[in-house]
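Below is one structure, written out as structure tokens; comments come after it.
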Amino acid sequence: METGFVIYNFDEPQMRVWWNKTEIHSEWLISWRHPKIPRYMFPENITKEGLSRFCESRQPPRTRYDIDYLLEHKYHLQKYMPIEMCMKSRGITHSDDLWLLFDVEEKPRYEDITVR
């Protein structure tokens with residue numbers, strides 16, 4: 001079974017990422033490379049480690065002083081799991097306008113989910 005998400009910039013889809021137990025893939029949905037999407041997510045470079053690294057970069061750091069509280073109360077998780085955390089937070093950060101729409105969700109508007 002495949003799982004995946006689309007990386008959006010505001011309401012514009014940028015890249016699709018999908019994986020199963022043995023393979024991972026990505027593809028651009030635009031004709032240019034978005035500067036905030038790291039090279040290790042590009043179709044020719046993507047790995048499962050890169051996917052985890054990307055999702056972790058969009059979450060509070062593992063070393064944050066209150067990470068255990070956040071895991072329990074915000075994410076409802078027992079341990080730090082970057083992909084699962086992104087499923088709950090949509091990978092929203094204060095540093096850019098990218099966000100993730102997982103295959104299991106209906107698409108909200110950017111205005112409905114932004115932290116700004």
Side-chain angles (χ1 to χ4, degrees):
M1 185 170 100
E2 287 189 344
T3 304
F5 57 79
V6 173
I7 301 172
Y8 279 81
N9 184 49
F10 294 101
D11 283 323
E12 298 295 323
Q14 306 294 301
M15 174 182 273
R16 180 173 172 251
V17 179
W18 70 101
W19 63 91
N20 59 33
K21 289 184 179 184
T22 59
E23 298 179 316
I24 185 165
H25 306 277
S26 66
E27 67 180 342
W28 290 105
L29 301 175
I30 54 176
S31 59
W32 53 280
R33 295 178 174 184
H34 191 285
K36 292 289 186 172
I37 298 176
R39 288 182 117 11
Y40 57 79
M41 292 294 286
F42 290 5
E44 63 273 15
N45 300 332
I46 194 163
T47 63
K48 288 193 176 195
E49 292 78 20
L51 170 66
S52 183
R53 182 175 162 196
F54 175 73
C55 288
E56 187 164 348
S57 75
R58 306 203 61 81
Q59 297 305 315
R62 292 174 186 264
T63 56
R64 184 172 160 157
Y65 75 96
D66 63 345
I67 194 65
D68 292 333
Y69 179 86
L70 289 174
L71 288 173
E72 182 180 347
H73 292 95
K74 178 179 178 182
Y75 299 104
H76 308 287
L77 295 171
Q78 300 282 327
K79 61 182 183 175
Y80 195 94
M81 302 170 71
I83 295 172
E84 288 77 3
M85 293 166 74
C86 274
M87 290 179 93
K88 296 177 185 282
S89 70
R90 292 192 176 107
I92 296 169
T93 70
H94 289 284
S95 61
D96 61 39
D97 295 306
L98 297 178
W99 60 281
L100 311 178
L101 177 66
F102 281 81
D103 293 344
V104 296
E105 297 181 276
E106 288 194 28
K107 183 179 181 294
R109 294 175 318 145
Y110 176 76
E111 294 81 30
D112 296 335
I113 62 167
T114 185
V115 292
R116 295 186 184 124

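As the structure is a computational prediction, the values presented were derived from the model and not from experiment.
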Following the transitive rule for hydrophobic clusters with a side-chain heavy-atom cut-off under 4.5 Å over Ile, Leu, Val, Met, Phe, Trp and Tyr, establish whether [X] and [Y] coincide in one cluster.
X	Y	answer
Met87	Met85	no
Trp32	Trp28	yes
Leu51	Trp18	no
Trp19	Met81	no
Leu101	Ile92	yes

Please report the interatomic distance [atom1]([X]) to [atom2]([Y]), rounded to the nearest 0.5 Å.
X	Y	atom1	atom2	answer
Tyr69	Leu71	OH	CG	12.0 Å
Met41	Thr47	CE	OG1	9.0 Å
His34	Asn9	NE2	CG	3.5 Å
Cys86	Leu100	SG	CG	5.0 Å
Arg39	Glu44	CZ	CD	7.5 Å
Glu56	Glu49	CD	CD	12.5 Å

Test log, rule side chain to side chain contact (heavy atoms under 4.5 Å, CB included), inputs Asp96 and Arg58: CA-CA 10 Å; Asp96 61 39; Arg58 306 203 61 81; 2.7 Å; yes
Tyr8 and Trp99 aromatic ring geometry - parallel, tilted or perpendicular at 30°/60° bounds: parallel
Aromatic ring pairing Phe5/Phe54, orientation class (parallel under 30°, perpendicular over 60°, tilted between): parallel
Whether Arg64 side chain and Leu70 backbone form a donor-acceptor pair below 3.5 Å: no
Donor-acceptor contact present, side-chain Lys48 to main-chain Lys21, <3.5 Å: yes
Working for side chain to side chain contact (heavy atoms under 4.5 Å, CB included), residues Glu12 and Ile30: CA-CA 9 Å; Glu12 298 295 323; Ile30 54 176; 5.9 Å; no
Distance-only donor-acceptor check, side chains Tyr75 and Gln59, under 3.5 Å: yes
Non-hydrogen atoms of Pro82 and Ser52 that approach each other most closely: CB-O, 3.8 Å
Salt-bridge criterion met for Asp103 and Arg16 (N-O under 4.0 Å): no
